[in-house]
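Submitted below is the structure of interest, expressed as structure tokens.
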Amino acid sequence: MTWLKINIHESDAIDDKLSYISNAYEGLILDTKSFSNDFALFSQDLEESTLVFVSPALARVTPELSSTFKAVPCDKPVQTDEDGETSLSLLLAANSASAWALLA
């Protein structure tokens, strides 16, 4: 399984949509019987949108939800931008240390 990406456009009330997406995935994490420390969501703010990245482990157990949010396959997100600054935020994680390790 690969990483998935959800694109939230500026016109979609980004903060509300981020909260909605995070809460939806959190609910499924709490309900799943196949819990993994590799469940994670990251976000990245761009000029006119925000991207949400769904880890492969989380994508594997939430295919319907990922489809609902129109998630598309993508490469593993990069933790820093070209200036060496952190470009990602941890939106949701079963284990924060394990989540950041997914990007190594």
Side-chain angles (χ1 to χ4, degrees):
M1 189 78 169
T2 188
W3 285 84
L4 296 179
K5 173 177 66 177
I6 302 166
N7 191 354
I8 306 170
H9 296 280
E10 191 175 74
S11 62
D12 290 337
I14 289 174
D15 288 339
D16 291 341
K17 188 86 175 220
L18 275 176
S19 179
Y20 181 71
I21 290 169
S22 177
N23 289 338
Y25 277 99
E26 182 178 25
L28 286 178
I29 287 173
L30 295 173
D31 288 343
T32 188
K33 294 182 183 357
S34 56
F35 183 82
S36 169
N37 282 337
D38 292 342
F39 288 170
L41 291 178
F42 293 92
S43 65
Q44 180 180 36
D45 294 329
L46 304 176
E47 283 187 36
E48 296 185 16
S49 65
T50 294
L51 302 176
V52 175
F53 296 96
V54 183
S55 69
L58 186 54
R60 200 171 17 259
V61 298
T62 58
E64 296 85 12
L65 188 57
S66 297
S67 177
T68 297
F69 291 128
K70 298 180 174 71
V72 296
C74 67
D75 292 331
K76 177 172 65 172
V78 178
Q79 189 172 352
T80 57
D81 63 18
E82 59 275 356
D83 297 324
E85 299 292 321
T86 299
S87 64
L88 292 176
S89 297
L90 186 56
L91 187 60
L92 177 70
N95 178 297
S96 61
S98 294
W100 286 112
L102 294 171
L103 303 177

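All residue numbers refer to positions in the sequence shown, counting from 1. Any value given below was found using the heavy atoms of this structure, including those in side chains, with hydrogens, waters and symmetry copies removed.
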Tell me, do V52 and F69 make a side-chain contact under 4.5 Å, heavy atoms counted?
->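 A side-chain contact is absent here, since even the closest heavy-atom pair is not under 4.5 Å.
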State yes or no: do V72 and I8 share one hydrophobic cluster built from I, L, V, M, F, W and Y residues joined by side-chain heavy-atom distances below 4.5 Å, directly or via other members?
->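 No, V72 does not connect to I8 through the hydrophobic network.
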Could you tell me which non-hydrogen atom of C74 sits nearest to which non-hydrogen atom of T2, and how far apart they are?
->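 Closest heavy-atom pair between C74 and T2: O-OG1, 3.2 Å.
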Hey, could you give me the CZ/CG distance between F53 and L58, rounded to the nearest 0.5 Å?
-> 14.5 Å
Atom pair CG (D15) and OG1 (T50), whose distance is rounded to the nearest 0.5 Å =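 Separation between the atoms: 8.0 Å.
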Is L90 reachable from L46 through a run of I, L, V, M, F, W or Y residues, each pair having side-chain heavy atoms under 4.5 Å apart?
-> yes
Would you indicate whether the side-chain heavy atoms of Y25 and L91 approach each other to under 4.5 Å?
->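 No; the side chains remain at least 4.5 Å from each other.
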Separation between OG (S55) and CZ (R60), nearest 0.5 Å, reads 8.0 Å
Kindly indicate whether the side chain of P77, heavy atoms from C-beta on, has any atom under 4.5 Å from the side chain of L103.
->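 With C-beta onward as the side chain, the pair touches.
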Are any of the side-chain heavy atoms of V54 and L65 separated by less than 4.5 Å?
-> no
Can you find a heavy atom in the side chain of W3 that is under 4.5 Å from one in the side chain of L102?
-> yes
So do the side chains of I6 and K70 get within less than 4.5 Å of each other, counting heavy atoms only?
-> no
Would a 4.5 Å heavy-atom cut-off, applied to side chains only, mark Q79 and W100 as touching?
->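 SC-SC contact between Q79 and W100 confirmed.
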